[in-house]
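First the structure, which I've put down as structure tokens, then a few questions once you've had a look.
So that the names make sense, note that chain A is the first sequence line, chain B the second, and so on, each numbered from 1. No hydrogens, no waters, no symmetry mates; every other heavy atom, side chains included, goes into these values. Only a predicted model underlies this, so the values are computations on that prediction, with no experimental measurement involved.
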Amino acid sequence: MTLQEAKFEYLLRLGDSSLIIGHRLSEWCGHGPILEEDIALINIALDFVGNATSLLEYAGKVEGKGRNEDDLAFMRGEREYRNLLITEQPNGDYANTIARQFLFDAHMFFLYEELKNSKDETIAAIAVKSHKEITYHLRHTSQWMLRLGDGTAESHTRLQNAVNELWMFTSELFDMDEVDAILIKEGIVPDLTKVKAAWEKQVNEVFAEATLTVPETKFKQKGSKEGKHSEHLGFLLAEMQYVHRSFPDAKW
Amino acid sequence: MPITFSKDEIFKLLSEIPDPEIPVINIIELGILREVKFIDDECVVVITPTYTGCPAMKVIEDDIKIKLKEIGIEKVKVELVLTPAWTTDWISDEAKEKLRAYGIAPPDHSSVDKKVLLGKARDLKCPLCGSKRTEMISQFGSTACKALYRCLDCKEPFDYFKCL
Ligand SMILES: [Zn+2]
């Protein structure tokens, strides 16, 4: 694998994760439990889609085959998508959404903190910009973890169940393969061991304060790096890509 | 046809473009317009987004092209840059006063850091009555760059331009 191929693959992983979780959050538009949350989730969704736009645009340039961010977002099938499995999991109830978002936000916060030092200028620039936004996201979801976890018996139970269900997708956040190895060597991306330690610390602290138990699930679901997704991604893409594929040359 | 205008004249012209979401301040006061370059007969305008997903950027790009076309510059390229990352520190003091008069509490001078993770809300002055007895309703307001607050004295809700 060449450096260029590794970089393209890595940008897809980052960009796809942001795009898919952004799309999931956008599904809450008009359905939020309270108006302020409706607005908050859509604002956060917008940040993710913006981040994905920058990453996929750059991915297209790195690939050098003339594909732009829209081609990559709307004209790839699910097996070509590289988003982390946790990002495509359905919204469920509000506890499910908050748990998924918190686990992912914490990961992104520490990952992008490292990516700010990337030797690739474009990746560093995107990371600096996005890290400022992620800081707000993580604060928001951390507060909701506390409110729900340390709230009523009902909210606590729902949040604990949500965390238990999602836990098997968390180990994948820190998996590394040949792509990582090539880019780590060039100082373009961080070794995820460091990110994992920071993530675990943050998660443990918030869980303790929210009176949640860290699940003991040993089973680890993986597959996104090879484009092997859960059954949910296909439906998501069908909805997300429908208009673009129906009217491929439409101009707005 | 070569461009006969100076960069200062272009800047002055583009200062007539308001931010689409906060029409009381223009794109220069907000720090979005970064640079104007002439490359042969083409005018290159460099802008930077406040937030990465800011939907106003497309509108601003169109506004720039329309403005320049009015004075006969047809070849225009609008470039989006991310470095250096936009910060609320770039909003001029004069523009902050305009924001306050418009009913939006302007950002403080500090930039975000890890401390915000603790979620410590700070004293914010109500832009309507000046009271410091205010509280945050939501970190996310009417647009990506704002949070929602309310005043406990005059009871009015208001937007706060978040520090970034
Ligand atoms: Zn007031």
**Asked** Should the heavy atoms of other residues, nucleotides or ligands under 6.0 Å from CD of A:Glu209 be counted, would the total exceed 12?
**Response**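 It does not: A:Glu209 CD has 12 such atoms or fewer within range.
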
**Request:** Enter the distance from A:Glu133:CD to B:Thr50:OG1 here, rounded to the nearest 0.5 Å.
**Result:**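 Here the interatomic distance stands at 8.5 Å.
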
**Message:** Other residues, nucleotides and ligands only: do more than 12 of their heavy atoms fall within 6.0 Å of CD on B:Glu135?
**Reply:**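 More than 12 within 6.0 Å, yes.
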
**Asked** Using 30° and 60° as the class limits, which term best fits the ring planes of B:Phe140 and A:His137: parallel, tilted or perpendicular?
**Response**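 Rings of B:Phe140 and A:His137: tilted, as their planes differ by 30° to 60°.
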
**Asked** Which bit of B:Lys58 is near chain A, if near means a heavy-atom gap under 4.5 Å: side chain, backbone, both or neither?
**Response**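 No part of it gets close to chain A.
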
**Request:** Please report the closest heavy-atom contact between A:Ile39 and B:Gly141, naming both atoms and the distance.
**Result:**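 Shortest heavy-atom contact: CG2-O, 3.0 Å.
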
**Prompt:** Is there a donor-acceptor pair closer than 3.5 Å between any side-chain N or O of A:Glu36 and the backbone N or O of B:Ile137?
**Reply:**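 Flag not set: sc A:Glu36 to bb B:Ile137 has no pair under 3.5 Å.
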
**Message:** Using a 4.5 angstrom heavy-atom cutoff, name the option from B:Leu80, B:Thr48, B:Thr52 with the most pairs to chain A.
**Reply:**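 Max contact count across the listed options: B:Thr52.
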
**Item:** Residue, of A:Ile42, A:Val49, A:Leu46, that accumulates the most heavy atom pairs under 4.5 Å with chain B
**Value:**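 Top count of heavy-atom pairs under 4.5 Å with chain B: A:Leu46.
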
**Choice from A:Asp47, A:Val128, A:Asn51 maximising heavy atom contacts with chain B below 4.5 Å** =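 Top option by heavy-atom pairs under 4.5 Å: A:Asp47.
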
**Request:** Examine whether an atom of A:Thr53 lies under 4.5 Å from a heavy atom of chain B, and if so say whether it belongs to the side chain, the backbone or both; otherwise answer neither.
**Result:**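 No part of A:Thr53 comes within 4.5 Å of chain B.
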
**Item:** Least distance between heavy atoms, B:Pro49 atom then A:Lys129 atom
**Value:**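 Minimum heavy-atom contact is O-NZ, 2.8 Å.
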
**Message:** On a heavy-atom basis, which atom in B:Tyr51 and which in A:Tyr136 lie closest, and how many Å separate them?
**Reply:**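 Closest pair (atom of B:Tyr51, atom of A:Tyr136, distance): OH-CE1, 4.3 Å.
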
**Item:** Nearest-0.5 Å distance that lies between atom OG in B:Ser138 and atom CG in A:Leu35
**Value:**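 So the gap between those two atoms works out to 9.0 Å.
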
**Request:** For B:Gln139 and A:Gln143, work out which heavy atoms get closest and say how close.
**Result:**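 Heavy atoms of B:Gln139 and A:Gln143 come nearest at NE2-OE1, 3.7 Å.
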
**Prompt:** Taking everything shown except A:Lys196 itself, do over 12 heavy atoms lie less than 6.0 Å from its NZ?
**Reply:**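 Count not over threshold, so no.
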
**Message:** If I measure from the heavy atoms of chain B, does A:Ile126 come under 4.5 Å with its side chain, its backbone, both, or neither?
**Reply:**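 A:Ile126 touches chain B through backbone and side-chain heavy atoms alike.
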
**Request:** Please list, chain by chain and in numerical order, all residues satisfying salt bridge (charged side-chain N to carboxylate O under 4.0 Å, His left out) with A:Glu121, sequence neighbours excluded.
**Result:**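 Applying salt bridge (charged side-chain N to carboxylate O under 4.0 Å, His left out) to A:Glu121 gives none.
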
